[in-house]
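These numbers were taken from a predicted model, which means no experiment stands behind them.
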Amino acid sequence: MAAIATTLFSLDAIAASGQVFTWRRTEDGWLVASGGRRCLLSQEGDAEKGVVFVRRADGSDVNADELAYWRHYLALDVDYQKILDELAMPAEVMEVGAGIRVLAQDWWDTAVSFVVSQNSNIVRIQRTMDALLDAGGGCVPGPGRLSALLGDEAFATGLKLGYRRPYLEALAARAQAWYPARIDRRDVSLEESMAELEESPGIGPKVASCICLFGLGYLEAVPRDTWIKRAEREHHVTWDSRWGGIQQQFFFAWMREKGRGK
DNA sequence: AGGCAGGTCGGTA
DNA sequence: TACCGACCTGCC
C-alpha cells in the first residue's frame with residue numbers, strides 16, 4: 001500500500017477544521033473526494049510524526065500519478081515547518097490546531113461547498129454535501145450534472161438549500177464556461193480572482209476568499225467569518241501577507257474550541 | 001423558545 | 001463607504 005511519511009500533519013485535525021466537506025469517515029479511514037477522483041486515507045502516528053496510507057476507494061493500490069495527485073492535495077509538498085516557524089503563532093493556538101494543513105482542493109468542489117455553507121452551520125452543510133456526494137457517485141457533481149439535479153424538484157427540495165438554491169444554479173450555469181479552465185491561477189492576482197468569483201450571485205467576500213484559499217491555492221487569502229472577525233476584535237490578530245490563510249485556519253480552530261467551552 | 005450558524009443582498013444615510 | 005434587516009433551515 002502506498003505510504004507517505006508525515007510531520008505536522010493530521011487527517012483528523014484537517015477533517016475537523018471546517019475547510020472540507022467532501023470527506024466521510026469509514027471504518028477503514030477517510031473516504032475522500034476531489035475533482036472527480038476518490039481515495040481512501042488512513043494514518044498511523046500523530047500530528048507530530050506519522051504515516052499516511054493512500055488507497056483507491058475500493059482498497060486497491062494507487063499508481064504513481066494518483067499518489068502524486070493526493071500528495072499535492074494533502075499539501076504534503078509544502079514546507080509547513082518553515083511556514084509555521086515564520087508565522088510564530090501563540091503556543092496555545094499551535095496546540096489546538098496541531099496537524100492542520102490547508103488542502104489543495106478542487107476549485108469547483110470548494111465553490112459548491114462554500115456557497116452551500118453561507119449563513120449555515122457545519123452539521124447542516126455536511127448533510128447537504130453528503131446528499132450531493134451520494135448523487136454524484138461519491139464525488140461532487142460537475143456543473144452540468146448539478147444543474148440537472150437542481151432542476152429535479154424532488155431532489156432539490158430534499159437538499160434543504162433554502163434561498164441558496166438559486167445561488168447554486170447560477171454558479172453551475174457560469175461554471176460550465178469556466179470549468180475546468182481555472183485550475184492554474186498563478187498568473188492571476190488574488191484580487192482579480194476574488195472579483196471574478198464575486199460576480200456570481202451568492203458569492204460575497206467570505207465565500208470568494210474560501211474558494212481562493214481552499215480551491216485556487218492562494219495561501220494569502222483570509223476568509224473573514226464571524227469567528228475570525230471576533231479574533232480580530234478581541235485579540236487584535238493581524239494576518240501574514242504570504243500565508244495568512246494558513247494562519248487563519250489555526251485561529252479559526254482555536255476560536256471555535258474556546259467558543260465551545262462557553 | 002429563540003438566538004445563532006464559516007454570509008449575501010438590496011436599500012438607506 | 002458603512003450599516004441595517006431580511007432570509008431558508010435546523011442545531012444548540
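- For dC11(C), its base never sits under 3.5 Å from the side chain of Arg127(A) at any donor and acceptor pair.
- For the side chain to side chain contact (heavy atoms under 4.5 Å, CB included) criterion with Leu8(A), the lone passing option out of Met94(A), Gln81(A), Lys49(A) is Gln81(A).
- A ring-centre distance under 6.0 Å is not found for Phe9(A) and Tyr80(A).
- Counted within 6.0 Å of CZ on Arg71(A), heavy atoms from surrounding residues, nucleotides or ligands total 12 or fewer; the atom is thus considered open.
- The OH atom of Tyr167(A) sits 14 Å away from the C1' atom of dT9(C) (whole-angstrom rounding).
- Contact check for Ser241(A) versus Glu220(A): no side-chain heavy atoms found under the 4.5 Å cut-off.
- Among the atoms of the strands shown, none is found under 4.0 Å from any heavy atom of Glu198(A).
- Between Trp239(A) and Phe251(A), the ring-plane angle classifies as perpendicular under the 30° and 60° cut-offs.
- Contacts of Gly202(A) with the nucleic acid, taken as non-hydrogen atoms under 4.0 Å apart, involve only primed sugar atoms and P, OP1 or OP2.
- When every heavy atom of Ser42(A) is checked against every heavy atom of Asp28(A), the shortest pair comes out as CB-O, 3.7 Å.
- One can find a donor-acceptor pair under 3.5 Å joining the base of dC8(C) and the side-chain atoms of Arg164(A).
- The CZ atom of Arg165(A) sits 11 Å away from the P atom of dT9(C) (whole-angstrom rounding).
- Taken together, the paired segments of DNA chain C that extend over three or more consecutive Watson-Crick or G-U pairs, each closer than 3.5 Å at both contacts, are B:2-5 with C:9-12, B:7-13 with C:1-7.
- Both Val123(A) and Gln118(A) lie close to DNA chain C; mapped to their nearest nucleotides by heavy-atom distance, the more 5′-ward contact belongs to Gln118(A).
- For the atom pair CD (Glu86(A)) and CD (Gln247(A)), the distance works out to 12.0 Å, reported to the nearest 0.5 Å.
- Within the 4.0 angstrom heavy-atom criterion, base atoms lie near Ser17(A).
- Atom OG in Ser147(A) sits 9.0 Å away from atom CG in Leu149(A) (nearest 0.5 Å).
- Within the nucleic acid shown, Phe114(A) has no heavy atom closer than 4.0 Å to any nucleic acid atom.
- Counting any heavy atom pair closer than 4.0 Å across all strands shown, Lys160(A) reaches sugar-phosphate atoms only and no base atom.
- Both tests do not hold together for Arg24(A) against Trp30(A): distance to the six-membered ring centre under 6.0 Å, angle to the ring axis within 45°.
- Read 5' to 3', the first and last nucleotides of DNA chain B with an atom closer than 4.0 Å to a heavy atom of chain A are dA5(B) to dC9(B).
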